[in-house]
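The sequence lines fix the lettering, A, B, ..., with proteins before strands; numbering per chain opens at 1.
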Amino acid sequence: MTTNQSLTANQVVKEFYNGLIHSVHTVIPVEHAVGSPSIIKSSVEIPFGVSIHFTGDLIGELVFKANVRLFSDLGEAMFGMALSEEMIDSFSGELGNMLAGSLSTHLSSKQINTNISHPVVQRSTLIPHAQRSILTPITFSSLGDMEIFLLVNA
Amino acid sequence: MARVLITDDAAFMRMQLKNIFTSQGHEVVGEAENGQVAVEKYKELKPDLVSMDITMPEMNGVEAVKQIKSIDPGATIVMCSAMGQQQMVLEAIQAGAKDFIVKPFDEERIKQALSKIF
């Protein structure tokens with residue numbers, strides 16, 4: 001992991017976590033509860049989800065894991081229209097992009113500079129174990145659960 | 001009424017933007033899924049307005065703004081991106097963008113941006 005000159009690696013990860021919670025609050029207008037974060041020490045199986053790479057003061061990957069139905073329901077809640085089947089992958093990637101972009105914007109206000117890759121929709125993917133993996137569960141009222149993984153390798 | 005070229009790698013977002021522009025009386029004359037395609041379609045279509053995402057494969061939106069402005073210094077381009085940090089906004093404006101809309105946006109925000117331009 002690379003860090004800027006004034007923050008330690010742990011501080012950057014902490015700001016990343018706090019920023020992630022802030023981004024979910026900002027981007028998704030659906031009542032939700034954030035569960036306790038936990039450290040993951042194995043590879044992560046993703047039946048369906050979105051991954052986005054971060055570069056800059058923290059090099060890593062964010063993975064949003066949820067079932068297709070939850071992504072579809074969030075799309076309907078955010079944009080007021082049911083998503084056709086062919087639009088679900090596109091919306092899911094865009095949701096990941098908005099969350100990661102909001103996080104990157106939030107981090108810049110903490111003097112942590114990052115850039116993000118374009119999103120990749122994952123289906124039946126096994127993401128290898130990272131040096132540091134933090135899982136944050138989010139429960140959206142009446143809609144379902146999402147798991148967000150922050151994977152830091154370098 | 002403006003002739004609009006929409007640039008975004010997400011088909012969902014292009015659909016959203018098309019619905020918003022159309023509902024406000026504008027004509028969407030083209031769509032591009034990355035910056036490179038946007039530059040090519042700009043030359044072909046000469047739209048009145050380009051909406052431009054930033055994070056895209058092939059060519060990012062800021063580079064596409066620079067190339068379009070080098071072809072046509074009078075081009076009108078509005079950024080629509082999830083990356084809203086000050087440095088990114090400055091870079092886009094310095095490249096020649098007229099406004100910067102942060103995703104997620106609503107119809108009112110698009111209307112506000114267009115009212116400042118047209």
Subject >> Min side-chain heavy-atom separation B:N60-B:T55 under 4.5 Å >> reply: no

**OP:** Below 4.5 Å from any heavy atom of chain B, which atoms of A:D89 appear? Answer side chain, backbone, both or neither.
**Re:** neither

Subject >> Contact origin within A:S104 toward chain B - heavy atom pairs under 4.5 Å >> reply: both

**OP:** Would you check, one step at a time, whether the test side chain to side chain contact (heavy atoms under 4.5 Å, CB included) holds for B:I77 with B:I68?
**Re:** CA-CA 9 Å; B:I77 306 168; B:I68 290 172; 3.8 Å; yes

**OP:** Heavy-atom distances under 4.5 Å only: say whether A:L99 touches chain B with side chain, backbone, both or neither.
**Re:** neither

Original post:
Are any non-hydrogen side-chain atoms of B:F21 and B:L49 less than 4.5 angstrom apart?
Top reply: yes

**OP:** Sort B:D106 into side chain, backbone, both or neither according to what part of it lies under 4.5 angstrom from a heavy atom of chain A.
**Re:** neither

Subject >> Criterion ring-ring contact (aromatic ring centres under 6.0 Å, His included) against A:F71, the qualifying member of A:F140, A:F91, A:F64, A:F48 >> reply: A:F48

Subject >> Heavy-atom proximity to chain B below 4.5 Å, by part of A:S117 >> reply: backbone

Original post:
A:I148 and side chain to side chain contact (heavy atoms under 4.5 Å, CB included): which partner among A:I134, A:I21, A:V24?
Top reply: A:V24

